[in-house]
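Chain A is the first sequence line, chain B the second, and so forth, proteins listed ahead of strands; every chain is numbered from 1.
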Protein chains: 2
Amino acid sequence: MEIDLGQGRSTDQVRPHNLSMVLRYLHLAGPLSRAALTQRTELSRSTVATLVAELTERGLVVEGPPRSPSGPGRPSPEVRLADDGPVVLAVEVGVDSLAVAIVGLGGDVRSQVRVDRERSPVAAREVVAEVHRIGGPLLDAQPAPLVAIGVSIVGVVRRTDGLVRIAPNLGWRDEPLGELVAEAFGADVPVLVGNDADLGALAEHQRGAGVGLDDFVFLCGEVGVGGGVIMDGRPLRGADGYSGEVGHVAVNPDGRPCRCGSRGCLETEVGEPALLRAAGVDPTRGGREAVDEVLHAAARGDERAVRALREIGGWLGIGVAGIVNIFNPRRVVLGGYFADIFRYVDDQIGGALNSRALPATGASVEVVASRLGAQALLLGAAELAFAPLLADPTLFPGVPTETRRAG
Amino acid sequence: MEIDLGQGRSTDQVRPHNLSMVLRYLHLAGPLSRAALTQRTELSRSTVATLVAELTERGLVVEGPPRSPSGPGRPSPEVRLADDGPVVLAVEVGVDSLAVAIVGLGGDVRSQVRVDRERSPVAAREVVAEVHRIGGPLLDAQPAPLVAIGVSIVGVVRRTDGLVRIAPNLGWRDEPLGELVAEAFGADVPVLVGNDADLGALAEHQRGAGVGLDDFVFLCGEVGVGGGVIMDGRPLRGADGYSGEVGHVAVNPDGRPCRCGSRGCLETEVGEPALLRAAGVDPTRGGREAVDEVLHAAARGDERAVRALREIGGWLGIGVAGIVNIFNPRRVVLGGYFADIFRYVDDQIGGALNSRALPATGASVEVVASRLGAQALLLGAAELAFAPLLADPTLFPGVPTETRRAG
DNA sequence: TAGTTTTGGTTTGCAACAAAACAAACAACG
DNA sequence: CGTTGTTTGTTTTGTTGCAAACCAAAACTA
């Protein structure tokens with residue numbers, strides 16, 4: 001029961017912190033003049049100069065000529081992320097597809113491959129082999145230094161070690177996905193694994209519909225329903241990293257039984273199979289085309305499709321209202337197939353919020369569709385992989401030039 | 001859409017941070033030798049010496065003789081919080097009672113008064129007048145400098161300004177409670193208002209059943225059900241501060257209608273009135289005696305009381321399981337009247353967790369009763385009031401001795 | 001009483017940022 | 001086309017705050 005309040009701070013932790021801040025501004029806001037950096041960081045000009053110099057020396061940023069239309073006064077050189085800076089490998093293991101991408105700082109997707117997948121259980125080793133088959137060439141084809149691998153997975157991931165505790169749609173239990181990936185790529189870089197909805201939230205927070213918001217929830221509709229929560233500007237994790245699993249919020253007392261043992265969970269009522277079933281499409285087909293079929297039918301005015309969407313929208317609204325009551329987010333971002341059906345269910349979600357959310361909480365929330373769409377998970381995986389470097393840019397370049405305090 | 005990553009850090013922000021850390025260690029862990037402080041903070045001896053010297057000069061701590069049974073080596077003087085250091089006024093506006101206390105650093109309750117209250121709507125001004133009537137003498141009777149007033153209220157509080165948006169049990173809507181209290185006491189100190197469950201969580205985290213845990217949920221049973229959530233060591237707030245309002249999680253599809261417009265909410269199924277009604281006690285009576293009556297009856301083996309407790313336990317278990325799924329806490333702490341009935345409902349909550357919580361999440365959680373009991377809310381209010389001072393001890397003593405950077 | 005251990009106190013050194021003074025680069029204006 | 005004003009980069013100097021090293025002090029141990 002030792003109380004641990006963390007460590008005291010010494011002067012030499014100031015520098016990494018400030019380096020991190022400058023790098024993160026460039027990472028999120030894009031190229032900025034040195035003058036703009038001094039303004040944003042509220043540091044002095046001399047300090048920003050030394051910080052940029054150090055980042056330049058480390059090969060993370062470059063200073064270019066000032067942007068053309070400058071005002072009066074001496075123009076300030078533009079600082080931007082180096083083209084030959086570090087990259088990460090982002091991997092997305094989804095229900096319907098596998099994707100791999102090379103991503104640089106600033107969310108810059110250098111190359112990308114996506115392949116379809118059968119919607120059936122597969123061994124983890126097979127998936128990893130396939131990932132390596134399509135990802136290997138990408139890695140070989142690019143010269144920039146790889147610093148980490150980030151993996152997004154449709155499943156529940158333990159925070160401490162990245163173990164995939166359960167991934168129902170893949171038929172996995174307790175698969176050490178990170179280790180398998182590291183092994184396959186023979187890479188001596190860290191491999192970080194995250195839940196897809198958590199990573200979607202991360203990506204939307206930084207480059208999507210959650211930019212500038214400290215408190216929002218990302219809701220990801222697939223076969224199941226995943227949730228990723230950002231509170232106070234930081235991902236909600238929980239004791240083991242399972243926080244934000246909102247797929248099993250109860251929405252329909254008379255609903256179908258759920259694999260969690262309950263009945264009428266959000267997941268069973270608004271997962272993709274529920275929509276297809278309601279619309280009279282074979283739910284075992286699944287995938288984007290099946291959903292598109294329903295949407296097209298609805299656009300044509302097909303009665304059954306419209307009714308199906310309305311039904312899903314109703315339950316989704318109830319679920320969103322519950323989530324809003326619990327988390328009090330500023331915004332709810334709908335991703336996965338929810339983004340596709342959003343314009344058909346928007347009104348109903350609004351209605352549910354009006355009738356079921358607590359007045360104070362419901363009034364201040366906004367529901368929108370994902371802005372990153374299919375890219376969200378890959379970008380989130382990249383973000384996960386870049387996180388350590390962004391938190392302490394002195395980790396790069398990798399070869400430690402001097403002894404560093406353990407952390 | 002300006003991205004704000006906060007400010008860069010300069011060397012002179014290091015000192016306040018380290019002062020804060022030392023003070024918080026003493027605040028939470030009690031008296032510590034200087035040697036122990038160097039160990040915990042991982043700072044050098046010389047730094048700790050100057051930090052303690054500054055805190056001593058500010059009148060926050062004192063150095064006393066070493067504790068008697070010391071080992072070999074030069075004994076290290078014991079540093080403890082100053083007896084004549086700052087105090088706060090803690091106010092608790094509950095359903096059944098009002099309480100006021102003078103609290104020093106370290107959670108030291110110097111004096112305290114509690115009076116019963118009728119369970120009926122009252123004007124905010126009347127409540128505040130009563131608080132002043134019982135709290136004024138306490139303030140007059142103690143010499144230490146008052147630095148803030150903290151108020152716990154059974155209601156939903158807006159974070160930005162402490163406005164009480166709604167307090168159903170008091171019949172309040174949009175009452176500027178903080179302003180009223182400040183006015184009544186004519187005090188020129190800040191008045192901070194917080195939701196009771198949030199403050200209970202804060203108190204349990206620091207001095208109760210949540211000590212040392214980074215992730216836990218405090219569930220407070222009264223007429224309604226409030227929730228306070230600590231995640232990653234910090235209170236969950238949400239966009240407006242309404243986060244953690246778990247009273248309206250759906251637990252019973254066939255339950256009674258709730259004032260929120262839904263039906264079978266956690267609050268309607270396990271609030272105090274639900275227990276009394278199930279046990280055949282007049283629910284309008286309410287209060288501790290009524291609950292005690294049920295508990296005594298159950299202890300005697302009274303069939304109806306036992307069944308009532310089992311019924312409540314069942315719904316509470318379902319609610320807890322839902323909350324556990326969403327937040328993945330390490331522990332759930334039951335406060336308010338839940339603490340009193342805990343030993344009767346323990347098993348059922350465990351059963352519900354087994355059957356309804358997701359395996360990974362449910363396995364790592366523990367449900368316990370509050371350790372602070374009736375003191376929790378007052379201590380939480382005190383903690384709220386002390387928070388600014390603990391975060392930056394240079395705020396004390398109040399008279400600014402030199403210009404300080406705005407922030 | 002002498003040796004060992006641990007800590008407090010003091011001095012010295014270093015890292016990092018701020019502030020001030022100066023130089024450079026541009027726009028606007030006459 | 002030169003002058004003036006504005007803004008920024010650069011260099012120098014000063015300050016803050018922590019660590020490390022050394023010595024002295026205060027206990028225990030034999």
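- Side-chain atoms of B:Ser46 lie closest to C:dT10 of the nucleotides D:dT11, C:dT10, D:dT8.
- Listed nucleotides: C:dG8, C:dC17, D:dC18. Nearest to the side chain of B:Ser44: D:dC18.
- Spacing between atom CZ of A:Arg34 and atom C1' of C:dA24 amounts to 13 Å, rounded to whole angstrom units.
- In this entry the distance linking CG of B:Leu51 with P of D:dT16 reads 16 Å, nearest Å.
- A distance of 6.5 Å separates CG in B:Leu139 from CD1 in B:Ile149, rounded to the nearest 0.5 Å.
- Ring planes of B:Phe216 and B:His205: tilted class, angle from 30 to 60°.
- Side-chain atoms of A:Ser76 come within 3.5 Å of backbone atoms of A:Arg34 as a donor-acceptor pair (strictly under, hydrogens ignored).
- At D:dT8, none of the side-chain N or O atoms of A:Ser33 fall inside 4.0 Å of OP1 or OP2 (strictly under the cut-off).
- Mapping A:Val14 and B:Ala36 onto DNA chain C by nearest heavy atom places B:Ala36 at the nucleotide closer to the 5' end.
- Going from atom CZ of B:Arg67 over to atom P of D:dA27 covers 16 Å, rounded to whole Å.
- Between B:Glu63 atom CD and C:dG9 atom C1' the separation is 12 Å, expressed in whole Å.
- Comparing A:Val48 and A:Arg74 by the nucleotide of DNA chain C whose heavy atom lies nearest to each, the residue mapping closer to the 5' end is A:Val48.
- Separating the CD atom of A:Gln13 from the C1' atom of D:dC18 is a distance of 11 Å, rounded to the nearest angstrom.
- With distances taken from any side-chain atom of B:Arg45 to the nucleotides D:dG9, C:dG9, C:dA18, the minimum falls on C:dG9.
- Using a 4.5 Å cut-off on side-chain heavy atoms (C-beta onward), B:Leu105 and B:Leu26 make no contact.
- Atoms CD (A:Glu78) and P (D:dG9) sit 12 Å apart, rounded to a whole Å.
- When rounded to the nearest whole Å, the span between CG of B:Asn18 and C1' of D:dT16 equals 13 Å.
- Two residues are said to be in side-chain contact when any heavy atoms from C-beta on lie closer than 4.5 Å; B:Leu51 and B:Arg15 meet this criterion.
- Side-chain contact between B:Val52 and B:Leu55: absent, with no pair of heavy atoms (C-beta onward) separated by less than 4.5 Å.
- One finds no side-chain N or O of B:Thr47 lying less than 4.0 angstrom from the OP1 or OP2 phosphate oxygen of D:dC18.
- Here A:Arg40 does not pair with B:Asp4 in a salt bridge; the nearest charged N to carboxylate O distance is not below 4.0 Å.
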Anything under 3.5 Å between a protein N or O and an N or O of nucleotides 13-15 of chain C, put it in a table, one pair a line.
none

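- Within 4.0 Å (heavy atoms only), A:Ala49 reaches no atom of the nucleic acid at all.
- Rounded to whole Å, the distance from CG on A:Leu32 to P on D:dT8 is 13 Å.
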